[in-house]
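Worksheet: one structure, shown below.
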There are 2 protein chains.
Amino acid sequence: MSNISDVALKANVSIATVSRVVNESDHKVNPATREKVLAAIRELDYRPNALAKGLLMKKTMTIGIIIPDISNPYYAEIVRGIQDTADGAGYAVMLHNTDRKQERIIRYIYLLREKSADGVIFSGGIINEYETLSILKELKERVVVVGRHAVDFPAVMVDNMGGATQAVQHLIGLGRRLIGCIAGPEGSTTAEDRLTGYRNALAQNGMAFDPRLVRRGTWSPESGYRLARELLAGDPRPTALLCANDQMAIGAIKAARELGLRIPGDLSVVGFDNVPTGSYFDPPLTTVEVPMYDIGVAAMRMLIDLLGGGMFEKLRLFNTKLLVRGSTA
Amino acid sequence: MSNISDVALKANVSIATVSRVVNESDHKVNPATREKVLAAIRELDYRPNALAKGLLMKKTMTIGIIIPDISNPYYAEIVRGIQDTADGAGYAVMLHNTDRKQERIIRYIYLLREKSADGVIFSGGIINEYETLSILKELKERVVVVGRHAVDFPAVMVDNMGGATQAVQHLIGLGRRLIGCIAGPEGSTTAEDRLTGYRNALAQNGMAFDPRLVRRGTWSPESGYRLARELLAGDPRPTALLCANDQMAIGAIKAARELGLRIPGDLSVVGFDNVPTGSYFDPPLTTVEVPMYDIGVAAMRMLIDLLGGGMFEKLRLFNTKLLVRGSTA
DNA sequence: CTGAAAGCGCTTACAG
DNA sequence: CTGAAAGCGCTTACAG
């Protein structure tokens with residue numbers, strides 16, 4: 001791998017001149033000289049070393065993403081949106097999975113700082129411990145969060161409450177009265193907001209909130225399956241279910257099927273997110289669409305604006321949309 | 001952000017000494033001096049700059065992954081395996097999606113070289129053009145490929161042929177005679193191998209290969225749906241279907257359902273890969289399990305060994321396993 | 001238009 | 001045990 005000195009030597013110029021033609025600098029370079037340099041670059045297949053450049057310029061054109069788990073389709077979709085946008089703007093992306101472990105969140109933030117990432121997008125998991133907060137603060141002006149967090153960073157958020165309310169309204173409109181909820185885990189603001197939306201819809205319709213109809217899962221299909229079995233074996237037995245994400249809804253439907261319940265007749269089920277395979281289920285899953293890809297795009301755009309130092313949105317709120325399909329009636 | 005000189009100043013030592021304590025070097029450092037340095041590091045919250053270190057040491061502890069699309073659960077699972085292993089060994093990961101575009105493959109390889117990635121794992125997509133090959137060669141001794149490629153790199157492969165043969169044997173054992181195939185796209189070695197396995201099984205059982213029973217999809221559920229409709233409207237109409245991946249199988253099942261066909265009675269369907277949600281379908285999807293996560297782990301281990309300069313496996317072959325569930329009978 | 005030189009933040013062979 | 005100095009590969013203000 002040749003470096004800038006090799007090129008300078010071969011073209012019989014200084015490294016300053018090579019740098020100027022490589023970077024298409026404003027500084028004038030004689031066309032003939034430029035040609036010599038270009039020829040040398042081609043011959044040597046020279047590429048500038050990004051580490052050296054980054055060290056000097058304090059800009060690496062690299063950003064970090066911190067998420068719970070890339071094998072979760074929800075985050076995979078967001079990441080794809082981020083990456084396409086990053087790529088279009090010349091940024092490369094480092095990816096880190098935390099499994100929502102505080103210790104790993106902290107470790108990755110430090111790592112990203114060591115590697116001089118220009119910025120960080122943080123999604124999923126909770127920023128609550130003092131250390132996490134204080135580290136993140138050092139990256140101030142370089143962080144965008146996705147979701148509702150108790151920190152003062154530019155954020156891309158989703159109207160989870162509104163979406164959940166709308167979903168329950170839909171169920172009520174269908175004549176369902178015993179509406180259960182498989183909520184997300186304690187501590188997740190997304191889970192809390194969706195649960196609040198569920199409660200609000202009940203309240204708006206003068207229906208009592210019954211804790212016996214509510215369980216908290218872990219977002220996984222397994223948890224949806226297990227909790228639906230509990231709920232459907234309980235008294236009162238719900239005739240409709242709002243699940244806080246599609247994965248749990250898929251698990252719940254399996255549980256209902258095993259108990260001989262027909263979907264949507266005996267049990268109507270609504271999911272949340274609209275993961276790609278939802279429409280391929282039997283019956284196709286009614287769900288609250290969250291535009292994951294667009295959220296990723298928006299987060300990256302926000303970060304780019306932020307790093308650019310100019311104006312930037314401090315908050316971008318995405319609305320959700322109820323997609324009525326076969327699993328409710 | 002403080003640097004090594006700040007620490008040296010505060011601790012009243014040279015930067016050489018700071019470097020020695022930071023790196024826990026073998027070079028002796030007086031315990032009292034060490035304490036002073038450690039205290040200064042703590043006070044300043046000093047972290048070494050990885051760019052400077054990488055530039056000097058020619059080792060960045062960063063690797064690159066090049067895949068078609070992270071929102072495809074198949075690759076998401078592989079990536080998770082790679083990342084967990086990389087993380088355990090202190091490597092960070094840069095991720096790039098190519099959508100199988102040759103131009104992007106080339107671009108990312110160059111980019112990874114510029115950023116001085118220590119190594120690259122390449123999966124999905126095709127390395128065939130001259131330019132791609134010649135660039136990759138520069139990274140020789142630093143690349144591991146996943147899948148069968150016409151290049152001489154250490155590789156992690158899957159017994160796709162064997163898996164497909166086994167799946168078709170299963171179908172034949174069930175008494176099915178008109179076995180169709182929704183294969184993967186032209187040019188993908190994975191697609192070719194799975195198709196070959198299908199043909200082999202037919203041949204072994206003295207059954208003729210009938211091109212009217214075969215279509216080529218794009219791996220997407222949509223393509224599976226569309227091609228299944230074609231196949232099921234054709235003559236002869238297949239009574240069983242081998243789909244080259246689960247996504248297409250899911251699409252095919254939807255098509256069959258819409259045509260009023262019962263699964264598995266009227267049409268038995270086998271997928272490939274065993275993506276996480278397959279067992280939640282109705283009926284649960286019979287499929288050929290590919291251990292994606294373990295493949296990622298193996299690829300990263302191989303790369304670590306390769307970079308370590310010692311011995312390393314040149315080829316690791318993973319066997320597949322038929323998972324018989326409800327979609328075949 | 002061109003180049004010598006300083007400096008980004010590190011590590012390590014060398015001298016003491 | 002400690003430190004001065006060279007050097008990794010770049011960019012850019014400065015002088016000419």
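Proteins come first, then strands; the chains are lettered A, B, ... in the order of their sequence lines, and each starts at number 1. These numbers come from the heavy atoms of this one structure, side chains and all, not from hydrogens, waters or symmetry mates.
- Between the CG atom of A:Asn30 and the C1' atom of C:dG3 there is a distance of 15 Å, rounded to whole Å.
- Using a 4.0 Å heavy-atom criterion, one finds that B:Arg47 contacts the sugar-phosphate atoms exclusively.
- Separating the CG atom of A:Asn23 from the C1' atom of D:dG9 is a distance of 13 Å, rounded to the nearest angstrom.
- Every residue two or more places apart in sequence or in another chain was checked for a side-chain contact (heavy atoms from CB on, under 4.5 Å) with B:Lys58, and none qualifies.
- Between A:Ile4 atom CD1 and C:dA4 atom P the separation is 13 Å, expressed in whole Å.
- Atom OG of residue B:Ser14 and atom CZ of residue B:Arg20 lie 6.5 Å apart, to the nearest 0.5 angstrom.
- For C:dA4, there is no paired base (Watson-Crick or G-U wobble, both distances below 3.5 Å).
- Proximity of B:Ser19 to the phosphate of C:dT11: a side-chain N or O atom is located under 4.0 Å from OP1 or OP2.
- Atom NZ of A:Lys28 and atom C1' of C:dT2 are 15 Å apart (whole Å).
- Across all strands shown, B:Thr17 has heavy atoms under 4.0 Å from sugar-phosphate atoms exclusively, and none from any base.
- Here the P atom of nucleotide C:dC1 and the CD atom of A:Glu35 are 14 Å apart, to the nearest Å.
- What separates NZ of B:Lys59 from P of C:dT11 is a distance of 15 Å, to the nearest Å.
- Across all strands shown, D:dA13 forms no Watson-Crick or G-U wobble pair with both key distances under 3.5 Å.
- Within the 4.0 angstrom heavy-atom criterion, only backbone atoms of the sugar-phosphate kind lie near A:Lys53; the bases stay farther away.
- A:Asn3 has no side-chain polar atom (N or O) that falls below the 4.0 Å cut-off from OP1 or OP2 of D:dC10.
- Atom-to-atom, NZ of B:Lys115 to C1' of D:dC10 comes out at 14 Å; the value is rounded to the nearest Å.
- Taking a cutoff of 4.0 Å between a charged side-chain nitrogen and a carboxylate oxygen, A:Arg301 and A:Asp305 do not qualify as a salt bridge.
- A sub-4.0 Å separation between OP1 or OP2 of D:dG9 and a side-chain N or O of B:Lys58 is present.
- Separation of atoms CD1 (B:Ile121) and CD1 (B:Ile82) is listed at 4.0 Å; rounding is to 0.5 Å.
- Residues A:Asn97 and A:Tyr75 have side chains that never bring a donor and an acceptor to within less than 3.5 angstrom of each other.
- Residues A:Arg80 and A:Asp84 are paired through a salt bridge, judged by an N-O separation under 4.0 Å between the basic side chain and the carboxylate.
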What's touching nucleotides 13-16 of chain C from the protein side, N or O pairs under 3.5 Å?
unit_1: C:dA13; atom_1: N6; unit_2: B:Arg20; atom_2: NH2; d: 3.1

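- Summary of the strand contacts: B:Leu55 and B:Asn12 both lie near DNA chain D, and taking for each the nucleotide with the nearest heavy atom, the more 5' one is attributed to B:Asn12.
- Between A:Tyr108 and A:His96, the ring planes are parallel. Angles under 30° get that label, and only those over 60° would be called perpendicular.
- Under 3.5 Å, the side chains of B:Thr62 and A:Lys115 contain a donor-acceptor pair of N or O atoms.
- The nearest whole Å value for the distance from the CE atom in B:Met1 to the C1' atom in C:dC8 is 13 Å.
- The same atom, C1', is picked in D:dT12 and in D:dG16; the two are 16 Å apart, to the nearest Å.
- Nucleic acid contact for A:Leu51: none, since no nucleic acid atom lies under 4.0 Å from a heavy atom of the residue.
- Regarding contacts with the backbone of D:dG9, every side-chain N or O of A:Asn49 stays at 4.0 angstrom or more from both OP1 and OP2.
- In this model, the phosphate group of D:dT2 is approached by a side-chain N or O of B:Thr33 to a distance below 4.0 Å at OP1 or OP2.
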